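Before I ask anything, here is the structure I am working with.
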There are 2 protein chains.
Amino acid sequence: MIDNKYDMILDAASQVFAREGFHKAKISKIAEIAGIGAGTIYLYFKNKEAILEEIFLRSWSRIESKLLAMKKIKNMTPLQKIAEITGEIIELIFSNVSVAKILLYEYSFWNSNKKEKLSKTVENSQKLIEELISDGIKANIFRKDMNPKDATMFIIGGVWFWIASKSDDLLSYSKEELTDTLFHYIVYGLK
Amino acid sequence: MIDNKYDMILDAASQVFAREGFHKAKISKIAEIAGIGAGTIYLYFKNKEAILEEIFLRSWSRIESKLLAMKKIKNMTPLQKIAEITGEIIELIFSNVSVAKILLYEYSFWNSNKKEKLSKTVENSQKLIEELISDGIKANIFRKDMNPKDATMFIIGGVWFWIASKSDDLLSYSKEELTDTLFHYIVYGLK
DNA sequence: TATGTTAATGAATTATGGTTCAGTGTTCAT
DNA sequence: ATGAACACTGAACCATAATTCATTAACATA
């Protein structure tokens, strides 16, 4: 059980943002779900945007850490690493489905908002995926006629939308099953 | 040259929505760019949302038409059809980059908003893509271990993000080049 | 030209909901 | 038990910008 207000607010906000979208989400509703007064939120967050920012940051940090860990491991093929990271994404979703929806729907937020810390984390993660793909190309595992950055964006988008389309009934599948499915789309496309 | 107010408003709104995002876009700015009074907009559209809705509808209708046309053609492989549709998407972007950006950034709008006509068109398009993939599986051109709906969402997401990552310098590539690149990601993934 | 009809305007109105803050409750050391 | 320090509250405030509408312009008809 969440026992501190900061996390309670984040959790309530995740639910409301996921259901209503950031702009239609009301602070009063978030407060209600968190079981606190509306004003209390402002003791923990500068404003509504800051809540969203923190949600993004936490999720992306998790992905970034995993990518960083993979980078350090030497005796693993790019394919194995991708499988690992795919697993981490599925884990993230299982830990909070609402957050997965927000990451998708408010894509424009982290994309356009030039919040230092957040965009650094996102950019870093993208770079790390790019490197991973580059390695795969060099190792002759992936196609040569590929721009790593394009591929990265294509993959991120694919993963996101796929998650969103499942969203609610995502939890009725096993983690292993989902990880496997996702991995195949990333690596093999339609063929 | 656009000669009627309705289209002038749509065009101005596309620019402003693309630059500011739907929520930050001001009706007064749209009116200014269209060269008309703010109140005039309300003679042509019920409200701000209705403008966005119409922009979405026009774009998706175009994709839907293409998909419908492809469905009717018999002597074409699923692969060839996918290549055609990919080309149509690139055409759509080239015809109006602002609109492409809006489609991406305001994804949450058409997804959450249950506007009858719009969601019908979008759903229809998704179904048509699913069928196309099903055909490909039956014809042994695509992997058998694939759920067409999953694949569809993965592809749409991939295309979206890939477009977004390029967005502004998209026009510096040739249509053929872009179509080709996109087609390869869809069909072959990383391998 | 006079008159009716329709289109357009933009200042004023209004709805919304994020944010503030004066007041209330809680905690805890003395 | 007291009161200082801090946490919390939610009604009131306020900024923003969508929408309205009384007024004016443009145009058509006779």
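By convention in this document, chain letters (A, B, ...) are assigned in the order of the sequence lines, proteins followed by strands, and residues within each chain are numbered from 1. All values reported here derive from a predicted model rather than from experimental measurement.
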Whole angstrom value for the distance that separates C1' of D:dT16 from NZ of B:Lys29 =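 Nearest whole value for this atom pair: 17 Å.
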Close aromatic pair by centroid cut-off 6.0 Å: B:Tyr188 and A:Tyr188 =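 No; A:Tyr188 has its ring centre 6.0 Å or more from that of B:Tyr188.
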Can we call the ring centroids of B:Phe17 and B:Tyr105 under 6.0 Å apart?
->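 No, the ring of B:Phe17 stays outside the 6.0 Å limit from the ring of B:Tyr105, centre to centre.
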Quick one: B:Phe45 CZ to D:dT20 P, roughly how many Å, whole number?
->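 Rounding to the nearest Å, CZ of B:Phe45 and P of D:dT20 are 15 Å apart.
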Please state whether the phosphate of D:dA7, meaning OP1 or OP2, lies under 4.0 angstrom from any side-chain nitrogen or oxygen of A:Tyr44.
->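 False: A:Tyr44 side-chain N/O out of range (4.0 Å or more) of D:dA7 OP1/OP2.
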Selected nucleotide, minimal atom distance to B:Lys26 side chain, candidates C:dT9, D:dA17, D:dT19 |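 Closest nucleotide among those given: D:dA17.
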Atom OH of B:Tyr42 and atom P of D:dA18: how far apart are they, to the nearest Å?
->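 In whole Å, D:dA18 P lies 6 Å from B:Tyr42 OH.
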May I have the distance from A:Lys24 (atom NZ) to C:dA15 (atom P), rounded to whole angstrom?
->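 Spelled out: NZ on A:Lys24 to P on C:dA15 is 19 Å.
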For B:Ile41, report the nucleic acid contact type (base, sugar-phosphate, nothing); a contact means any heavy atom under 4.0 Å.
->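 Nothing, no heavy atom under 4.0 Å.
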Any ion pair linking B:Lys29 and B:Glu32 (charged N to carboxylate O, less than 4.0 Å)?
->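 Looking at B:Glu32 and B:Lys29, the cut-off is met.
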Gap between atoms CG and P, on B:Asn47 and C:dA15 respectively (whole Å) =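 One finds 16 Å between P of C:dA15 and CG of B:Asn47, rounded.
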Answer yes or no: is there an ion pair linking A:Glu54 with A:Arg58, defined by an N-O contact shorter than 4.0 Å?
->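 A:Arg58 and A:Glu54: salt-bridged.
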5' priority, DNA chain C, between B:Gly37 and A:His23 [closest heavy atom] |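 Looking at the nearest nucleotide for each, B:Gly37 comes out on the 5' side.
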Could you tell me the separation between the OH atom of A:Tyr6 and the C1' atom of D:dC8, rounded to a whole number of Å?
->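 Answer to the nearest Å: 18 Å.
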Side chain of B:Ile27 - closest among D:dA18, C:dT9, D:dT9 |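 Of the candidates, D:dA18 comes closest.
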Name the nucleic acid region contacted by A:Leu43, choosing base, sugar-phosphate or nothing; use a 4.0 angstrom heavy-atom cut-off, strictly under.
->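 Here A:Leu43 touches the bases of the nucleic acid.
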What nucleotide, of D:dT19, D:dT9, C:dT19, holds the atom closest to the side chain of A:Lys48?
->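 For the A:Lys48 side chain, the nearest candidate turns out to be C:dT19.
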Could you check how far CD1 of B:Ile36 sits from P of D:dA25, rounded to whole Å?
->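 Answer to the nearest Å: 18 Å.
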Should the pair B:Lys5 and B:Tyr44 be classed as cation-pi, given the thresholds of under 6.0 Å to the six-membered ring centre and 45° from the axis?
->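 No, a cation-pi geometry is absent between B:Lys5 and B:Tyr44.
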Would you please confirm or rule out a distance under 4.0 Å between OP1 or OP2 of D:dC8 and any side-chain N or O of A:Lys5?
->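 The answer is yes; a side-chain N or O of A:Lys5 sits under 4.0 Å from OP1 or OP2.
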